[in-house]
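Everything numeric here is computed off the predicted structure, so don't read it as measured data.
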Amino acid sequence: MKGKQFTQEGGEEYPFDAFVYPVDLNSDGNDEIFILFINSYTSGATGSSIAAFFSDKKGGFETQLGFHGTLPEVLATGNFGFPDLLIGGPGFEFPVQRWNGKSNEFYRKVSNKDYEKLKKTNLEDLNKVYTSKIK
């Protein structure tokens, strides 16, 4: 950590910000935690990377996402009680991750044209509602 920013070994001259967003996507009483890292050194042209950790049956967390992209948008569609997650970034198509019962995996791409037609909720908005209930 450098001042109020983080650094990565070998990239100390490129500090980055990290933002944590706990939510409960499937209303089971367990957190899903998303971390947004903002830095072009670690994230390339996208400028940010997203990691997600979902509660496991042992009381810990398992990594579910870890790649370049923006904070996910939560779609009205889903599988096994979890909503689909659309990951934004540069380009004209956006990947959608779907829960398969054990982990999130690539499900489909959404074109820029079809993006506006989707029923979606910003994860940051869900985080605000969630954290206001647990205070």
Side-chain angles (χ1 to χ4, degrees):
M1 192 165 197
K2 184 177 184 177
K4 293 186 177 186
Q5 292 185 304
F6 296 90
T7 58
Q8 180 177 339
E9 189 174 328
E12 291 83 3
E13 65 274 13
Y14 302 103
F16 60 92
D17 294 313
F19 300 91
V20 179
Y21 300 90
V23 295
D24 184 3
L25 293 175
N26 63 341
S27 301
D28 67 352
N30 295 312
D31 291 341
E32 287 80 46
I33 300 172
F34 291 82
I35 302 175
L36 181 68
F37 302 93
I38 300 177
N39 178 306
S40 60
Y41 175 76
T42 58
S43 304
T46 305
S48 62
S49 294
I50 188 72
F53 303 90
F54 285 21
S55 298
D56 64 19
K57 293 178 182 175
K58 299 174 189 172
F61 288 89
E62 292 182 2
T63 304
Q64 291 300 323
L65 302 175
F67 45 78
H68 305 317
T70 62
L71 200 59
E73 294 193 73
V74 179
L75 302 181
T77 57
N79 200 31
F80 291 104
F82 280 93
D84 293 339
L85 303 172
L86 183 138
I87 311 298
F92 301 104
E93 292 185 320
F94 308 103
V96 174
Q97 297 284 315
R98 175 169 270 191
W99 183 253
N100 67 13
K102 294 182 180 182
S103 64
N104 278 288
E105 63 183 11
F106 174 78
Y107 173 58
R108 65 185 176 111
K109 286 188 178 184
V110 171
S111 70
N112 203 22
K113 180 182 87 172
D114 292 332
Y115 173 81
E116 292 301 321
K117 299 173 191 172
L118 294 173
K119 287 182 100 176
K120 56 194 172 299
T121 305
N122 182 292
L123 190 101
E124 189 171 8
D125 292 341
L126 291 177
N127 166 259
K128 289 176 186 176
V129 170
Y130 181 70
T131 56
S132 72
K133 291 180 182 179
I134 60 174
K135 287 183 180 182

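Considering every non-hydrogen atom in both Ala18 and Phe37, the closest pair reads CB-CD2, 4.0 Å. Across every non-hydrogen atom of Gly78 and Arg98, the tightest pair is O-NH2, 3.3 Å. Asn79 and Asp84 make their closest contact through N-OD1, 4.4 Å (heavy atoms, listed as atom of the first residue, atom of the second, distance).
In this structure, the side chain of Ser48 does not engage the main chain of Ile38 through any donor-acceptor pair within 3.5 Å. For Glu32 (side chain) and Leu25 (main-chain N/O), a donor-acceptor pair under 3.5 Å exists by modelled atom type. Side-chain N or O atoms of Asn127 include none that pairs as donor or acceptor with a backbone N or O of Tyr130 at under 3.5 Å. Listed for the Ser55 side chain is a donor-acceptor partner under 3.5 Å among the backbone atoms of Asp31. Of the possible polar contacts, none joining the Glu93 side chain to the Lys109 backbone as a donor-acceptor pair under 3.5 Å is found.
Other residues, nucleotides and ligands contribute at most 12 non-hydrogen atoms within 6.0 Å of the CZ atom of Phe92.
Val23 has its side chain within reach of Leu123: a pair of non-hydrogen atoms, C-beta onward, lies under 4.5 Å apart. In this structure, the side chains of Pro72 and Ile50 come closer than 4.5 Å at one or more pairs of heavy atoms.
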(message) Show, in sequence, the C-alpha distance, side-chain angles and deciding distance for Tyr21 and Leu71, and conclude whether the side-chain contact (heavy atoms from CB on, under 4.5 Å) test is met.
(response) CA-CA 9 Å; Tyr21 300 90; Leu71 200 59; 3.7 Å; yes

(request) With side-chain contact (heavy atoms from CB on, under 4.5 Å) as the test, would you mind laying out the steps for Val74 and Leu85 before giving the verdict? (result) CA-CA 5 Å; Val74 179; Leu85 303 172; 4.0 Å; yes

(request) Determine, stepwise, if the pair Ser103 / Glu62 fulfils side-chain contact (heavy atoms from CB on, under 4.5 Å). (result) CA-CA 9 Å; Ser103 64; Glu62 292 182 2; over 6 Å; no

(request) Report the C-alpha distance between Phe67 and Gln97 in whole Å, list the side-chain angles of each, state the deciding distance to 0.1 Å, and finish with yes or no for side-chain contact (heavy atoms from CB on, under 4.5 Å). (result) CA-CA 12 Å; Phe67 45 78; Gln97 297 284 315; 4.0 Å; yes

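Counting Ile, Leu, Val, Met, Phe, Trp and Tyr side chains that sit under 4.5 Å apart, directly or through other members, Leu118 shares a hydrophobic cluster with Leu75, Leu86, Phe94, Val96, Tyr107, Val110, Tyr115.
Using modelled atom types and a 3.5 Å distance limit, the side chains of Glu105 and Asn100 yield a donor-acceptor pair. Ser27 and Asp24 share no side-chain donor-acceptor pair at under 3.5 Å.
Interatomic distance, CD of Gln64 versus CG of Asp56, reported as 9.5 Å (0.5 Å rounding). Distance CD/Glu73 to CG/Asp125: 9.5 Å, rounded to 0.5 Å.
Aromatic ring pairs are classed by plane angle as parallel below 30°, tilted from 30° to 60° and perpendicular above 60°; the pair Phe34 and Phe54 is perpendicular.
Residues that satisfy the side-chain hydrogen bond (donor to acceptor under 3.5 Å, both in side chains) test with Glu116, not counting sequence neighbours, are absent from this structure.
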